[in-house]
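Just so we're clear, the structure is a prediction, and the values are computed from it rather than from any experiment. Only heavy atoms go into these numbers, but all of them, side chains included; no hydrogens, no water, no symmetry mates. Atoms within each ligand, like the ligands themselves, are counted from 1 in listed order.
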Amino acid sequence: DKGEFKHYMLKEIYEQPDAVARTLEMAIDNHAPNALRTDFLERHGEQLSGVRYVQVIACGTSYHAGMVAKYWFESITRLPCSVEVASEFRYRNPVVVDNSLVICISQSGETADTLSALRDIKKQNPAGLVSLALCNVPTSSLVRETDIFLPTLAGPEIGVASTKAFTTQLVALMLLMLKTGHVQGRIDDEALSNHISELQKLPGQLYASLHLDAPIKAMAEHFEDKKSCLFLGRGLQFPIALEGALKLKEISYIHAEGYAAGELKHGPLALVDKDMPIVVLAPKDSMLDKLKANMQEVHARHGELFVFASETSGIEAEDRLHLVNVNDVCETLSPIIYSVPVQLLSYHVAVLRGTDVDQPRNLAKSVTVE
Ligand code: M6R
């Protein structure tokens, strides 16, 4: 039931504060906020303590969640982590090193390529393999075929465009990273407690980001008749740029590409002219100055910038720079918060263009054939 909402996708965007709160509750007890709950992945502490390498396999939006997890695992725990789309991984005879944690991310748990990649890894049977399903459907094939089930508690997702499944995947990956890092002594009690207190702010911050709906709807009008669009981000926002571009093409049928902003001058800058909208994700983080330089490169070529920026970023609206301010959030968790404006932008552009938001042409919710 869509209730008061015109589309399932919009309803699911608005469910994110609750979905994230539920997913957090698996691991964090509000009455004991300085540590992970003892029953979180309780039976798997020993398996996780032996992990020396993390391999993420997924498709589409779930792959983008994996890309964020790579930044988190490597920068916070120093465990090496690779991420690959399942349809490539399964056909290239990849090396799976010993003591790998293989994380298969899938909303449905039935994606054919992800399942096949997992089966191939299990056939290789590397020593110390630990397989984990990060999945929204507890009864799925993926959950049955893995050692560990880490649920996302998003609730059923009906819209083909994934929204709340994505943000809850990110939360669950953060929790998994913290658990693994903590059992291995790579994250100490104090650091853990700091991460947890930031995580607890997420539902409120997501709720606040939904208030951006009106200004984003106004921004969407500039995209209605556009043919092509770029999404730029750096660091943790690079996967969100990819996700924003995927969302826009999937539901509005406007061609869109996500780029790491540092790659601009290696090719895509040639596309930039006055008809090219460029969406920029600009939280106040360690990459902000470099990102501003990239924005300057675009502006100088008369590109039209649509910027989601932290209110303390120092970025101001000007000619051909449209700005929506996002509340300040901690850098580590910023990809979760910045997912919301790109979802809302795609949604409103699609509605203006009159496409079938919940059932985009040629796509299925669950891709059970390759
Ligand atoms: O069920 P899964 O998470 O395995 O699905 C993977 C992709 O098919 C899925 O994320 C797809 O890219 C979405 N429709 C994107 O919104």
Side-chain angles (χ1 to χ4, degrees), residues 7-13 15-16 19 23 56-69 83-90 102-119 131-146 149-173 231 239-254 256-258 335 339-347 349-350 355-370:
H7 297 101
Y8 281 109
M9 182 183 178
L10 190 62
K11 175 172 179 263
E12 288 161 2
I13 290 173
E15 283 172 347
Q16 290 177 111
T23 302
V56 183
I57 296 158
C59 302
T61 290
S62 298
Y63 167 67
H64 297 150
M67 287 181 69
V68 174
V83 191
E84 194 163 339
V85 288
S87 57
E88 285 301 313
F89 187 90
R90 62 180 287 203
V102 172
I103 304 175
C104 302
I105 309 175
S106 174
Q107 188 284 132
S108 61
E110 302 297 344
T111 299
D113 282 322
T114 309
L115 276 168
S116 296
L118 169 70
R119 288 172 188 152
S131 61
L132 180 145
L134 175 52
C135 189
N136 201 38
V137 181
T139 51
S140 63
S141 310
L142 193 66
V143 172
R144 281 198 304 275
E145 295 184 28
T146 38
F149 170 37
L150 179 58
T152 44
L153 301 181
E157 193 182 61
I158 311 289
V160 166
S162 191
T163 53
K164 61 178 180 169
F166 180 63
T167 41
T168 53
Q169 282 166 355
L170 291 176
V171 168
L173 285 163
F231 283 72
I240 306 307
L242 295 175
E243 174 61 7
L246 175 61
K247 222 90 295 178
L248 189 71
K249 51 192 153 192
E250 182 175 30
I251 60 169
S252 79
Y253 314 151
I254 294 176
E257 282 191 68
S339 300
V340 176
V342 298
Q343 294 167 352
L344 285 170
L345 178 66
S346 309
Y347 173 76
V349 174
T355 53
D356 189 343
V357 172
D358 286 332
Q359 288 284 335
R361 65 185 181 202
N362 311 336
L363 299 178
K365 180 68 186 160
S366 177
V367 185
T368 54
V369 290
E370 72 165 300

Before signing off on this row, confirm whether Ser106 and ligand 1 have an N or O atom pair separated by under 3.5 Å.
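The answer is yes, given that Ser106 and ligand 1 share an N or O pair closer than 3.5 Å.
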Ligand 1 N/O within reach of Gln107 N/O, cut-off under 3.5 Å:
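Yes; at least one N/O pair falls below 3.5 Å.
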Select one of side chain, backbone, both or neither to describe which atoms of Glu250 lie under 4.0 Å from any atom of ligand 1, heavy atoms only.
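Side chain only; the backbone of Glu250 stays clear of ligand 1.
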Where's the contact between Lys247 and ligand 1, heavy-atom distance under 4.0 Å: side chain, backbone, both or neither?
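Within the 4.0 Å criterion, Lys247 contacts ligand 1 through side-chain atoms alone.
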Ligand 1 contact by Val160, heavy-atom criterion under 4.0 angstrom:
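Per 4.0 Å heavy-atom rule, Val160 contacts ligand 1.
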Can you tell me if Cys59 has a non-hydrogen atom under 4.0 Å from ligand 1?
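Contact present.
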Which residue supplies the protein heavy atom nearest to [atom], what is that atom called, and how far is it?
| atom | answer |
| --- | --- |
| atom 5 (O) of ligand 1 | Thr111 OG1, 3.6 Å |
| atom 8 (O) of ligand 1 | Val367 CG2, 4.0 Å |
| atom 10 (O) of ligand 1 | Thr61 N, 3.1 Å |

Can you measure from [atom1] ([X]) to [atom2] ([Y]) and round to the nearest 0.5 angstrom?
| X | Y | atom1 | atom2 | answer |
| --- | --- | --- | --- | --- |
| Ser339 | Lys247 | OG | NZ | 9.0 Å |
| Leu10 | Gln343 | CG | CD | 10.5 Å |
| Asn362 | Tyr253 | CG | OH | 7.5 Å |

With His64 as reference, evaluate Ile240, Leu170, Leu242, Ile105 under the side-chain contact (heavy atoms from CB on, under 4.5 Å) test and give the passing residue.
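For His64, the side-chain contact (heavy atoms from CB on, under 4.5 Å) check succeeds only for Leu242.
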Can you confirm whether the side chains of Gln16 and Thr167 place a donor and an acceptor under 3.5 Å from each other?
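Yes, side-chain donor-acceptor contact under 3.5 Å.
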Quiz question: by atom type and distance under 3.5 Å, do the side chains of Ser116 and Glu370 form a donor-acceptor pair?
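No, because no side-chain N or O of Ser116 sits under 3.5 Å from a partner of the opposite role on Glu370.
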Per-atom contacts of ligand 1 with Ala161, taking only distances under 4.0 Å to non-hydrogen atoms
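Counting atoms of ligand 1 from 1, those under 4.0 Å from Ala161 are 16 (O).
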Any sub-3.5 Å donor-acceptor pair from Arg90's side-chain atoms to Thr114's backbone N or O?
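No, because the side chain of Arg90 does not come within donor-acceptor range (under 3.5 Å) of the backbone of Thr114.
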When you measure from atom 1 (O) of ligand 1 to each heavy atom in Ser108, Cys135, Ala58, Ala364, which option holds the nearest one?
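The option holding the nearest heavy atom is Ser108.
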Pick from Ala165, Ser62, Gly60: the one approaching atom 3 (O) of ligand 1 most closely through a non-hydrogen atom:
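The nearest heavy atom belongs to Ser62.
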Under a 4.0 Å N-O cut-off, is there an ion pair linking Glu145 with Arg119?
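The answer is yes: the pair qualifies as a salt bridge.
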